[in-house]
Amino acid sequence: MTAMTIDPRTAAEEITRVSQRVHRTRWWGVAAALVMALFLAAFYTLTTAYPQATSAYVLPAVILCVGLLAFISWRRRAVHSTARRLEEPTVWASLGLAAVTIALKFFFEPQGLTPWVVLMGMLPALPFLVLAWRIARR
Amino acid sequence: MTHTHPRHQLDEVIHAPVRLSIMAALTAADRVTFAYLRDLVEVSDSLLSKQIGVLEAAGYVDVAKGYEGKRPRTWYSLTPSGRQAFGRYRQILQELLTSSTDDISS
């Protein structure tokens, strides 16, 4: 491109180039959503299955998760409209499902790592998995 | 002289090398940081600020300054009129490209 003028073909190519570069940054949003999903699934599953054994690891796990999210936030220089639109509803959906998980835990008092405990533990993670998928697809 | 060729309808605010790249980036993402935009478009801080100033004055770009922890961050996004203007610009660009292909093949 010259300093003052662009021909239409060059303009169209530049739009495509920039769009593709910007779209690639959506993977940071996907990474953040997957970190949250993994942390929530592990947290709820393991604290339900082994409450005594995991109590000492909760704080370090939270610090690790927050650290990863902070790193991703620092590196994330472009926010895509899908992410911006869906992040808040995702958090609320996850909180709602976490309440359901806690209620189920209270009523059924599951013991050990059973398939039901794993399914219950996955519930709060599901909205973040959906968010990751929605951001990843174009 | 009447200006009937589609190229006269190209928005001059957008149809400039750096500003076109900025508009394309802000269309592809909801908002981007200053540093990312500068690295993407490959210009100096001062040139980027100047071109964004032109887009802001035209009402196409919104600027939001804030902090992430202690780090200051400036975010840019398109206004609704900026999105509309860029959509129109792309339409006219497409017409120009189509008509130039027709001219060659005829």
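Below, chain A is the first sequence line, B the second, and so on; all start at residue 1.
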### Query
If you measure from CG on B:D30 to CZ on A:R84, what distance do you get to the nearest 0.5 Å?
4.0 Å

### Task
Sort A:T25 into side chain, backbone, both or neither according to what part of it lies under 4.5 angstrom from a heavy atom of chain B.
side chain

### Query
Say you draw a straight line from CG of A:D7 to NE2 of B:H15; how long is it, rounded to the nearest 0.5 Å?
8.0 Å

### Message
What's the separation between atom CD1 in A:I15 and atom CG in B:L93, rounded to the nearest 0.5 Å?
### Response
5.5 Å

### Message
Let me check something: do A:V130 and A:L86 share a hydrophobic cluster, defined by ILVMFWY side-chain heavy atoms less than 4.5 Å apart, either directly or through other members?
### Response
no

## Note on the structure
To the nearest 0.5 Å, atom CD of A:E13 lies from atom CG of B:L97 at 9.0 Å

### Message
Counting only heavy atoms not in B:R73 (residues, nucleotides, ligands), do more than 12 fall under 6.0 Å from its CZ?
### Response
yes

### Considering all heavy atoms, the nearest A:H23-B:A28 contact
CE1-O, 4.1 Å

### Task
Measure A:R76 against the heavy atoms of chain B and call it side chain, backbone, both or neither at under 4.5 Å.
backbone

### Query
Considering all heavy atoms of both residues, which atom of A:A78 and which atom of B:A29 are nearest to each other, and what is their separation?
CB-CB, 4.1 Å

### Task
Work out which heavy atom in A:P8 is nearest to a heavy atom in B:L96; give both atom names and the distance.
CG-CD1, 4.0 Å

### Side chain, backbone, both or neither of B:Y89 within contact of chain A (heavy atoms, under 4.5 Å)
side chain

### Contacting moiety of B:F34, where chain A heavy atoms sit under 4.5 Å
neither

### Message
Hydrophobic clustering (ILVMFWY, side-chain heavy atoms < 4.5 Å, transitive) - are B:V61 and B:L47 grouped together?
### Response
yes

### Same cluster (ILVMFWY, side-chain, under 4.5 Å), B:L40 and B:V54
yes

### Message
Do A:L95 and A:I102 land in one hydrophobic cluster if side-chain heavy atoms of ILVMFWY residues count as linked below 4.5 Å?
### Response
yes

### Query
Does A:I63 share a hydrophobic cluster with A:V58, counting links as ILVMFWY side-chain heavy atoms below 4.5 Å and allowing steps through other members?
no

### Heavy-atom proximity to chain B below 4.5 Å, by part of A:R21
both

